[in-house]
Amino acid sequence: MLKVYNTLHKKIEDFLPIKKGRIGLYACGPTVYNFAHIGNFRAYIFEDILRRVLAYNGYKVKHIVNITDVGHLRSDADAGEDKILEQAKKEGKSAWDIAKFYEAAFKKDWVRLNLLPPSKWARATDHIKDQIKLIKVLEEKGYTYKIPDGIYFDTAKFSGYGKLSGQKLEDKEAGARVAENSEKRHPWDFALWKFSPKDIRREMEWPSPWGKGFPGWHIECSAMSTKYLGQPFDVHAGGIDHIPVHHENEIAQSEAAYGKPLADYWVHGEFLAVDDKKMSKSLGNLYLIDDIVKRGINPLAFRYLCLGAHYRSKLNFTREGLEGANNALKSLYKIARGLGKQKIGLARSLASRPTFGRSHTGEAADGATAEGCAELEQNFLDRINDDLDTPGALAIMWEMLKSDNPTSAKAESLLKFDEVLGLDIKSYLGKKIKIPVAVAKLVKAREAARAEKNWKLSDELRDKIFELGFLAEDTAEGTKVEEK
Ligand code: AMP
Ligand code: ZN
């Protein structure tokens, strides 16, 4: 049975769906004002694993991810400029163009990391009416108040405020910064609707019963999750930084409006640090997926790196760590290539030579079943179902690959495991390496140099082949070329 850590109850719990066989999963998506960094993507990788684990357990998952393309202010206290408008000014573009550009960049990285496409990408600006409707319900129920810059949620009226983070309001009060917006009743009250400044036409603004303006950041998630998944739905996920403000506010809005829980399970992923420091532009240690690609490293090596740490523990990103993950991934692909080849080639040749019933490595021929891997497959399932223990699951995968089970059974298990790991094994299983023409030419030239015993030239050519990402190995049958 699947167990997950539920932030709401601060313990690991058995996972029980609301509707048999179906899961509603909502994950907070990006604010599209800049490129998402590798820390953001650690959160999305964890959410992708969560989704894949749910599917592996036989659930049909409806996965909603929002795109915040308006209304996320610079500070959690609802003061400061909208992040998208601020960036638009910096780049001299329209706010709509900024949102469009960074949304496309985000989705490109999403694909590069082999994250499954959500059932729906839900843009905040496509759901303004739904957000206004929800604010109206809150207004009718007496949870809102108006001050000069907008309509706010009165957190003192919602008795469950603070239940997710476990913070008591008194403690919050003691620790609160000087309220940036002095007219709020409490510093942690938050904007549901912000008014456009008087006499200035904002680029992104909509009419509302309260006046022209734009939605606060939190309201979109409440409106869209309930619209697509109902209320309550099963799982709400995000990074831990969302617990004390964003998710607390989502709960307050949805539960105050409809008098029932927002979601049953709240699952949060820990942060990624770089060289033991918080990642930030000012420290110059903010990395993008593009930076990894530019170093000639497969972005899935970053995914592998994330799998190697439990989602609830901090992950310290280092260059060496990424290179280690890249090497492990390459070994995995190399094994996968071999597995597929033997599955087809070996089984046929053995069938015509029955005396070879078992090869020297103990691999069975035709009729091999997955029985040999059944126990390891169970162990794999146990690991992922134990609060998504991906480091444990990776260890089982390697144990399975090193076992002397039939090759075809190993190939089958590896493909199954990859439904959860998402390392794109199917593109490698049994596939020959495609050698670029430039590399093939160098290999030929090197063979000619070796025939002439010109070892110096042969070594130089080997280096050139290496620079192009391939290894030339000399065997009795000639040069064997492999990817680095
Ligand atoms: P944001 O666009 O700031 O709302 O962040 C998008 C997602 O990335 C959220 O789920 C955050 O919790 C998560 N996130 C932001 N920074 C990090 C980090 N350094 N490590 C892991 N997750 C992060
Ligand atoms: Zn959200």
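For clarity, every value in this text was computed on a predicted model and none was experimentally measured. In each ligand, atom 1 is the first atom listed, and ligand 1 is the first ligand listed.
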Verify the distance criterion only: is there a donor paired with an acceptor across the side chains of Asp275 and Asn316 at less than 3.5 Å?
no
Counting backbone and side-chain atoms alike, does Cys28 have an N/O/S atom under 2.8 Å from the Zn ion (ligand 2)?
yes
What N/O/S atom of Glu250 gets nearest to the Zn ion (ligand 2)?
OE2
I'd like to know if the side chain of Trp210 pairs up with that of Glu139 as donor and acceptor (distance under 3.5 Å, no hydrogens or angles considered).
yes
Identify whether NZ of Lys or CZ of Arg in Lys212 sits under 6.0 Å from the centre of the six-membered ring of Phe195 and within 45° of that ring's axis.
no
Does an N or O from Tyr44, backbone or side chain, lie closer than 3.5 Å to an N or O of ligand 1?
no
protein heavy-atom neighbour closest to atom 10 (O) of ligand 1 works out as Gly239 N, 3.1 Å
One finds that the ligand 1 atoms under 4.0 Å from a non-hydrogen atom of Glu270 are 21 (C)
Less than 3.5 Å apart, any donor N or O on the side chain of Tyr304 or Asn326 sitting next to an acceptor on the other?
no
Please check if any side-chain donor atom of Ser119 sits under 3.5 Å from a side-chain acceptor atom of His63, or the reverse.
no
Hey, which atoms in ligand 1 end up nearer than 4.0 Å to a heavy atom of Thr31?
2 (O)
Verify the distance criterion only: is there a donor paired with an acceptor across the side chains of Asp382 and Gln378 at less than 3.5 Å?
yes
Atoms of ligand 1 under 4.0 Å from any heavy atom of Ala43, numbered from 1 in the order shown, are 8 (O), 10 (O), 13 (C), 22 (N)
Report whether any nitrogen, oxygen or sulfur of Glu220 sits less than 2.8 Å from the Zn ion (ligand 2) (N, O or S, backbone or side chain).
no
Are His186 and Asp189 linked by a side-chain donor-acceptor pair shorter than 3.5 Å?
yes
Distance to 0.1 Å, residue and atom name: give those for the protein heavy atom nearest to atom 20 (N) of ligand 1.
Leu272 N, 2.8 Å
With distance as the sole criterion, is a donor-acceptor pair present between the side chains of Asp149 and Tyr152 under 3.5 Å?
yes
re atom 1 (P) of ligand 1, the protein heavy-atom contact at minimum distance is Asn40 ND2, 4.3 Å
Near the Zn ion (ligand 2), is there an N/O/S atom from His242 that is less than 2.8 Å away?
no
Take the angle between the ring planes of Trp110 and Trp121 and call it parallel below 30°, perpendicular above 60°, tilted in between.
perpendicular
Check whether any heavy atom of His37 sits under 4.0 Å from an atom of ligand 1.
yes
Could you identify the single nearest non-hydrogen protein atom to atom 9 (C) of ligand 1 and state the distance to 0.1 Å?
His242 CE1, 3.4 Å
If you scan protein heavy atoms around atom 11 (C) of ligand 1, the nearest is Asp241 OD1, 3.3 Å
Scan side-chain atoms only and decide if His247 and His218 contain a donor-acceptor pair under the 3.5 Å cut-off.
no
Considering non-hydrogen atoms of the protein only, which is the closest contact for atom 17 (C) of ligand 1, and what is the distance?
Phe271 CZ, 3.3 Å
Would you give the length of the straight line joining atom CG of Leu381 to atom CG of Leu376, rounded to the nearest 0.5 angstrom?
12.5 Å
To check your reading of the model: name the closest protein heavy atom to atom 21 (C) of ligand 1, its residue, and the distance in Å.
Gly39 O, 3.0 Å
Do any N/O/S atoms of His246 come under 2.8 Å of the Zn ion (ligand 2)?
yes
